[in-house]
Protein chains: 2
Amino acid sequence: MVEKKAKSKNHKAETPERMDIRTIARAANVSIATVSRTINRVATVNPTMAKRVWDVIGELDYFPNTQARALVSGRSKIFGLIISEITNPFFPELLQGFEDVAVENGYEILVSSTNYDTSRMYQCIRRMIERKVEGVAIMTFGIEAPLLDQLAKRNVPLVFIDVGPQSPGVSVLKVDYHHGIRQGVQHLAALNHKDIAFISGPLNLHSAQSRTAAFTYSLKECGITPSPKWIIEGDHTLDGGIAAMEKLLATNPQPTAVMCSNDMTAIGVLHKLNRAGLRVPDDISVIGFDDIHIAQVTIPPLTTVRMSGFSLARSAFAALRAHVENPEASTPQREYPIQTDLIVRESTGSPRNTRAQKSKRRRQ
Amino acid sequence: MVEKKAKSKNHKAETPERMDIRTIARAANVSIATVSRTINRVATVNPTMAKRVWDVIGELDYFPNTQARALVSGRSKIFGLIISEITNPFFPELLQGFEDVAVENGYEILVSSTNYDTSRMYQCIRRMIERKVEGVAIMTFGIEAPLLDQLAKRNVPLVFIDVGPQSPGVSVLKVDYHHGIRQGVQHLAALNHKDIAFISGPLNLHSAQSRTAAFTYSLKECGITPSPKWIIEGDHTLDGGIAAMEKLLATNPQPTAVMCSNDMTAIGVLHKLNRAGLRVPDDISVIGFDDIHIAQVTIPPLTTVRMSGFSLARSAFAALRAHVENPEASTPQREYPIQTDLIVRESTGSPRNTRAQKSKRRRQ
DNA sequence: CTGAAAGCGCTAACAA
DNA sequence: TTGTTAGCGCTTTCAG
């Protein structure tokens with residue numbers, strides 16, 4: 001208390017002089033409460049004082065300590081984001097979108113990839129809870145049951161993709177797989193393909209099942225009977241795509257087109273096909289799913305069903321935010337629709353033998 | 001103070017009963033200090049009590065509040081990680097590596113991509129400082145000067161790639177670009193290429209200059225004079241690769257091989273070449289840099305210089321950790337070497353016309 | 001070896 | 001409108 005007026009003694013580099021709210025208050029000759037109010041833009045602060053405070057803050061390069069704020073306010077301003085694997089290019093795009101909106105709104109984000117590993121998932125949850133996230137977006141395209149207990153018990157708002165537990169605080173992003181996949185199938189059918197294969201994602205993922213279902217449904221709709229031997233379970237990876245295509249190549253007859261549950265699979269397929277000496281789309285057509293950036297420059301550029309990572313990210317953030325800012329509101333929107341659309345590029349074309357038939361028909 | 005002994009009144013779902021250290025202490029019949037010590041594995045805790053505490057913790061699913069811990073201990077256990085763009089697949093691989101080690105060591109990580117945007121960079125710094133990161137890894141492959149002031153002023157340990165300010169608390173990861181690039185050039189020379197082009201990264205990046213220098217040096221070493229018109233500045237993106245290759249195609253004569261400053265550029269090049277009707281490696285060879293996962297399945301699979309994102313991540317973490325755990329130690333290692341190596345795949349081969357010469361020579 | 005108590009930097013009543 | 005003060009949940013002396 002003795003030196004309470006020791007304003008600007010300004011010794012050169014003496015103590016590392018901690019930069020806290022008190023330092024600012026002293027330098028601006030106001031109470032810490034006023035500094036706090038200024039920072040938080042409380043309307044009742046006298047503009048003159050506010051300016052004084054802001055000036056000091058700018059001069060001293062003061063940044064409020066988020067930990068302290070969080071502790072007292074009970075709001076960490078952190079959202080968790082759980083994805084399956086960061087090395088699949090779809091997710092970085094999603095992450096980028098999430099980061100954009102989050103930062104824009106003063107939130108920080110805790111990313112974590114599970115790599116389909118259960119122990120990592122538990123670790124994830126622990127990290128999220130310890131850091132007191134205000135909500136978590138589970139963008140793994142498959143429910144990870146164990147996530148629920150701990151998080152739900154603590155009333156942490158959650159967003160899932162496709163399906164989530166029916167409970168307050170959880171929203172779900174409803175992806176309309178059907179629309180894009182149906183466009184893809186029809187595109188193929190219009191090209192005269194009848195022998196169309198599908199490489200799915202891991203079937204324990206709900207999203208993989210939905211995509212497969214959308215595929216078979218659309219196929220039937222075109223009057224084509226799905227052949228089980230042409231529906232292969234993949235795992236959404238490059239290698240999975242290669243392996244699946246290998247199996248498909250072993251069937252007889254071989255399909256003239258293959259749709260893939262995601263772009264990474266399709267890229268693996270393209271690679272395998274090239275290895276096998278088959279040309280795309282002359283010998284066989286392929287369609288991907290996701291429309292990751294790189295799909296534009298594959299050889300040939302990939303026809304694919306676009307599901308925007310940015311939309312997913314934006315909606316996920318919006319959902320979380322809605323719950324946080326407005327906890328008990330009259331059931332804030334709980335479902336968010338996500339569109340999918342076919343992007344036609346160059347990996348699809350008419351099958352060779354049917355092209356002949358086509359010309360024949362034309363002549364009739 | 002009246003109800004200090006109201007131990008386990010245990011009403012059913014009355015208050016959301018906050019789960020804090022006090023709750024645990026009460027349930028285990030010990031003081032909060034003991035709980036704290038138990039959690040922090042202080043050796044002096046009586047094993048019997050410790051067990052009792054751990055049991056209660058497990059039963060109640062208690063997770064210590066990191067904010068509070070950070071506030072009082074002054075250690076946030078967070079490292080910042082700044083990268084240029086998360087959508088370049090090299091960075092997710094790096095991020096994954098960083099996440100692995102970080103989590104393993106109880107650290108959380110604050111990722112942030114600058115997208116080469118200055119205002120985002122400032123934002124980055126603010127976020128890092130506000131969240132009180134204990135150190136930051138700046139993996140942008142180019143110094144972002146403004147980062148220094150604020151961070152350095154606060155004595156935040158930093159790791160850079162290639163070059164960083166000579167000051168205590170900053171380490172640098174010295175990438176040996178020369179080794180891998182030289183291997184690449186020699187590989188090409190051995191294949192009989194003489195007309196070799198190079199597509200660099202943005203030249204304001206130190207790393208881009210180093211790579212370019214390594215290239216020209218290695219070229220001369222092989223007795224080839226670098227031709228300025230075959231050294232093009234790219235920007236490390238797909239589109240940049242396409243644009244650069246377009247320029248190269250316009251030169252006369254055209255180069256018979258092109259080395260790229262990163263794999264994304266090379267993939268763009270592959271695409272452009274395919275569009276131009278040129279075959280790789282028959283008409284022209286291409287070499288990338290990074291060895292991102294996808295380089296294995298490009299068409300053709302890409303010969304590239306491998307720089308391991310995992311190694312970078314591990315070393316970056318180690319450097320940061322060394323400074324944090326051991327602040328004043330006798331100058332902890334300040335430079336960490338990173339190796340690069342050529343991975344030969346199928347995008348390189350002998351140029352067509354020289355192949356003829358070669359056979360001729362053989363006959364002599 | 002254990003407990004009581006003093007804060008960490010900040011926000012949010014409550015007074016003035 | 002501004003200042004005083006009591007904590008937020010935890011770690012860490014300092015006594016016992």
Side-chain angles (χ1 to χ4, degrees), chain A residues 1 4 15-53 57 60-78 106 129-134 154, chain B residues 1 4-5 15-53 56-57 60-78 106 129-134 154:
Chain A
M1 291 273 160
K4 78 175 168 195
T15 325
E17 51 169 316
R18 52 227 251 173
M19 278 297 314
D20 58 13
I21 200 176
R22 231 155 333 220
T23 312
I24 304 300
R26 217 172 301 135
N29 251 304
V30 296
S31 72
I32 62 170
T34 299
V35 177
S36 175
R37 289 190 193 103
T38 304
I39 291 170
N40 294 296
R41 308 206 127 78
V42 174
T44 61
V45 189
N46 179 319
T48 319
M49 298 204 112
K51 184 176 177 357
R52 207 160 74 215
V53 172
I57 288 179
L60 270 48
D61 284 318
Y62 164 75
F63 293 92
N65 180 329
T66 325
Q67 329 259 29
R69 296 175 95 157
L71 187 56
V72 57
S73 70
R75 302 222 21 204
S76 65
K77 293 289 241 166
I78 300 181
I129 296 175
E130 285 183 354
R131 297 283 171 178
K132 289 273 176 303
V133 297
E134 295 183 39
R154 289 175 170 74
Chain B
M1 294 271 160
K4 78 175 169 194
K5 281 203 167 165
T15 326
E17 50 167 318
R18 48 224 257 170
M19 276 297 314
D20 57 13
I21 200 175
R22 228 151 342 214
T23 313
I24 304 300
R26 218 172 301 135
N29 250 303
V30 295
S31 71
I32 61 170
T34 299
V35 177
S36 175
R37 289 191 194 103
T38 304
I39 291 171
N40 293 297
R41 306 206 130 77
V42 174
T44 60
V45 190
N46 179 317
T48 319
M49 298 203 111
K51 181 171 178 1
R52 207 159 75 214
V53 172
V56 175
I57 289 179
L60 269 46
D61 283 317
Y62 164 75
F63 294 92
N65 180 330
T66 325
Q67 330 258 31
R69 295 176 96 157
L71 186 55
V72 57
S73 70
R75 302 223 19 205
S76 66
K77 293 288 241 168
I78 301 182
I129 296 175
E130 285 184 353
R131 297 283 171 178
K132 289 273 176 301
V133 297
E134 293 183 40
R154 290 176 170 74

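Considering only residues two or more places apart in sequence or on other chains, B:Arg37 meets the side chain to side chain donor-acceptor pair (under 3.5 Å) condition with none of them. Taking B:Ser31 as the reference, B:Thr34 meet the side chain to side chain donor-acceptor pair (under 3.5 Å) condition, with sequence neighbours excluded. Not counting sequence neighbours, the partners of A:Asn46 by the side chain to side chain donor-acceptor pair (under 3.5 Å) test are A:Thr48.
Counting only distance, with no hydrogens or angles, the side chain of B:Gln67 and the backbone of A:Ala68 share no donor-acceptor pair below 3.5 Å. B:Arg52 contributes a side-chain N or O that, together with a main-chain N or O of B:Ala28, makes up a donor-acceptor pair within less than 3.5 Å. In this structure a side-chain-to-backbone donor-acceptor pair under 3.5 Å is present from A:Glu134 to A:Lys77.
Distance, B:Asn65 CG to D:dG9 C1': 6 Å, rounded to whole Å. The CD1-C1' distance, from B:Ile24 to D:dG9, rounds to 12 Å in whole Å.
In this structure, a donor-acceptor pair under 3.5 Å is present between the side chains of A:Asn40 and A:Arg69.
Each of B:Ser31 and A:Tyr62 lies near DNA chain C, and the nucleotide nearest B:Ser31 is the one positioned closer to the 5' end.
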Footprint string (nucleotides 11-16 of chain D, 5' to 3'): B base within contact, S backbone only, - free, heavy atoms under 4.0 Å: BBB---
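Between its two ends, the helix from C:dC1-D:dG16 to C:dA16-D:dT1 turns its axis by 40°, counting five pairs per end and rounding to 10 degrees.
From the 5' end on, the contacts that DNA chain C makes with chain A at under 4.0 Å to a non-hydrogen atom open and close at C:dC8 to C:dA13.
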